[in-house]
Amino acid sequence: MRRRGDHVKRALLIVIDGAADRALKTLNGKTPLEVAYKPNIDQLATNGVTGIMDPIAPGVSVGSDTAHLALLGYDPFKTYTGRGAFEALGAGIKLQPGEVAFRTNFATVDEEMRVIDRRAGRYIEEAKEFEKLINSISLKTSNVKVLFRHTVEHRGVLILRGEGLSRFVSDTDPHKIGMRVLESKPLIDSPEAKRTANIVNEFTREVYKLLKDHPLNKSRVKRGLPPANILLVRGAGVLPNVKPLSERFKVKCACIAGIALVKGVAKAVGMDIIDVPGATGGLDTDVLAKVKYAIKALEDYDFVFIHYKGTDAASHDGNVWAKVKIIEKIDSAIGYLIDRVNLDETYIIITADHATLTEETRNHSGDFVPILIHGPGVIPDDVRVFCERACLKGGLGRIRGLDLMNIIMNYLDKVEKFGE
Ligand code: ZN
Ligand code: ZN
């Protein structure tokens with residue numbers, strides 16, 4: 001409980017996806033965070049405490065879903081129940097316990113079900129029509145209902161709604177061009193998993209039957225576009241069974257993110273989602289819009305989380321300078337922020353959910369990430385730059401992602417005493 005006369009303390013967590021990196025040749029042995037001109041973030045580093053963080057554990061490479069679970073205070077080894085569930089929640093679907101959700105791709109296959117294009121050209125203007133058709137499918141071998149929702153480009157979500165389902169089934173997506181669509185298989189020896197795999201396979205055949213000769217696809221072919229004649233499914237998941245953040249720490253919390261996956265994780269742990277027009281999650285995302293909404297949200301919420309995706313996208317593209325540039329753009333938005341929030345009452349925490357290696361693998365890695373905390377009562381260290389190298393000397397030392405929420409809630413005086 002807040003005592004009379006106390007300040008109303010708030011916290012704003014800013015996660016810059018995949019911002020951390022290694023010493024890059026293109027940057028003469030420096031990292032994008034080291035090279036980027038970011039006076040505002042560095043000012044927060046100068047006046048705050050910094051450190052390094054292993055999102056899960058040293059050397060453990062993570063997806064954005066498991067990393068965000070950890071950063072939001074949930075042990076992913078205990079709570080992670082597959083990516084599909086987060087995609088569904090992030091797409092605004094009310095997933096119920098027991099339902100199984102998958103991520104899907106519209107794709108192009110030949111007559112032998114060999115994948116020619118995993119994205120069916122990426123942009124599918126007929127997607128809404130196909131969505132209607134797919135939702136008309138009623139399975140012959142079970143009374144499980146299928147619910148398909150197209151999201152963006154070639155992507156979508158499939159929900160299986162009914163009794164006796166399991167998330168332990170394999171993908172039909174072969175993840176490679178030239179390979180045949182895979183049969184979904186049970187991953188554990190259970191009747192539910194076998195049944196679910198059969199349903200996925202029947203569904204896949206039905207989708208192909210519906211779409212292969214559809215006039216809209218014939219018209220696509222005439223226009224030189226690959227037909228969207230199959231749905232590949234992957235990442236089966238169910239709703240994680242977790243106690244919401246609001247109950248654990250008695251805080252009101254909100255998430256501002258562009259991508260469905262992160263919104264879904266936030267929703268799964270009970271955060272409110274604030275949708276921001278222009279927040280696309282890509283390199284063109286409106287960085288300032290998120291900050292403006294966050295400033296407003298801090299009037300109502302104890303804990304606000306902003307997610308920026310562009311840095312990770314630049315790394316997956318292998319584009320070092322795009323990564324540097326997006327960090328600089330985010331810095332200018334943070335400049336706008338620190339001019340407008342009361343820094344005597346607001347904690348600002350900046351970190352990344354994992355490193356993404358722009359030059360080597362162009363993928364996530366198990367490297368550590370830098371972190372900074374700025375706010376009332378924080379004892380500053382001598383670090384003046386927010387980057388991997390400088391933060392090695394920071395006052396927080398080396399923490400795990402799972403420690404972060406406790407550290408933030410401790411500053412907000414929301415952590416209950418352990419023992420007497
Ligand atoms: Zn990520
Ligand atoms: Zn990524």
Side-chain angles (χ1 to χ4, degrees), residues 13-22 24 31-33 52-57 59-74 76 79-80 82-87 89-90 103 105 118-119 122 151-155 173 175 234-235 237 255-269 271 273 279-285 287 290 305-320 322-327 330 349-371 388 400-402 404-405:
L13 168 64
I14 301 172
V15 175
I16 311 176
D17 203 306
D21 213 314
R22 287 191 186 156
L24 303 183
T31 71
L33 278 171
I52 59 170
M53 179 172 76
D54 296 294
I56 306 265
V60 175
S61 177
V62 290
S64 291
D65 45 10
T66 47
H68 276 91
L69 270 177
L71 263 50
L72 294 173
Y74 295 83
T79 57
Y80 185 64
R83 178 158 182 160
F86 300 128
E87 293 283 346
L89 291 173
R103 309 171 71 196
N105 272 16
R118 275 191 69 237
R119 299 179 180 87
R122 194 182 276 273
T151 52
V152 291
E153 296 176 336
H154 54 286
R155 298 193 188 93
D173 186 349
H175 297 272
R234 64 188 198 278
C255 160
I256 297 174
I259 61 165
L261 177 68
V262 173
K263 283 192 218 176
V265 173
K267 209 164 197 182
V269 301
M271 300 181 89
I273 307 297
T280 58
L283 292 172
D284 60 342
T285 195
V287 290
K290 285 186 184 168
F305 154 48
I306 303 185
H307 175 260
Y308 281 116
K309 174 74 181 166
T311 35
D312 184 58
S315 284
H316 285 300
D317 289 345
N319 193 336
V320 174
K323 187 168 185 176
V324 171
K325 221 176 248 169
I326 192 102
I327 293 167
I330 293 167
I349 303 96
I350 303 178
T351 191
D353 57 341
H354 50 76
T356 309
L357 309 185
T358 317
E359 273 183 355
E360 289 170 61
T361 58
R362 295 189 181 183
N363 215 330
H364 304 181
S365 78
D367 296 50
F368 65 81
V369 302
I371 175 162
E388 299 82 344
R400 297 172 311 159
L402 204 48
L404 180 62
M405 196 52 65

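Given the structure is predicted, the values throughout are model-derived calculations rather than measurements. Atoms within a ligand are numbered from 1 in the order they appear, just like the ligands themselves.
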(request) Please assess Glu153 against Arg119 for the test salt bridge (charged side-chain N to carboxylate O under 4.0 Å, His left out), listing each intermediate value before the final yes or no. (result) CA-CA 8 Å; Glu153 296 176 336; Arg119 299 179 180 87; over 6 Å; no

(request) Applying side-chain hydrogen bond (donor to acceptor under 3.5 Å, both in side chains), run through Tyr308 and Asp17 and close with a yes or a no. (result) CA-CA 6 Å; Tyr308 281 116; Asp17 203 306; over 6 Å; no

(message) Side chains of Asp21 and Thr31 only: does a donor on one sit below 3.5 Å from an acceptor on the other?
(response) no

(request) Restricting to N/O/S, name the atom of Asp353 that gets closest to the Zn ion (ligand 1). (result) OD2

(request) Determine how many protein N/O/S atoms sit closer than 2.8 Å to the Zn ion (ligand 2), leaving waters out since they are not shown. (result) 4

(request) Report the distance from atom CG of Leu402 to atom CG of Asp54, rounding to the nearest 0.5 Å. (result) 12.0 Å

(request) Of all the heavy-atom pairs spanning Gly18 and Asp312, show the shortest one and how long it is. (result) CA-OD1, 4.1 Å

(message) Do Leu71 and Val15 have side chains that approach each other closer than 4.5 Å (heavy atoms only, starting at C-beta)?
(response) yes

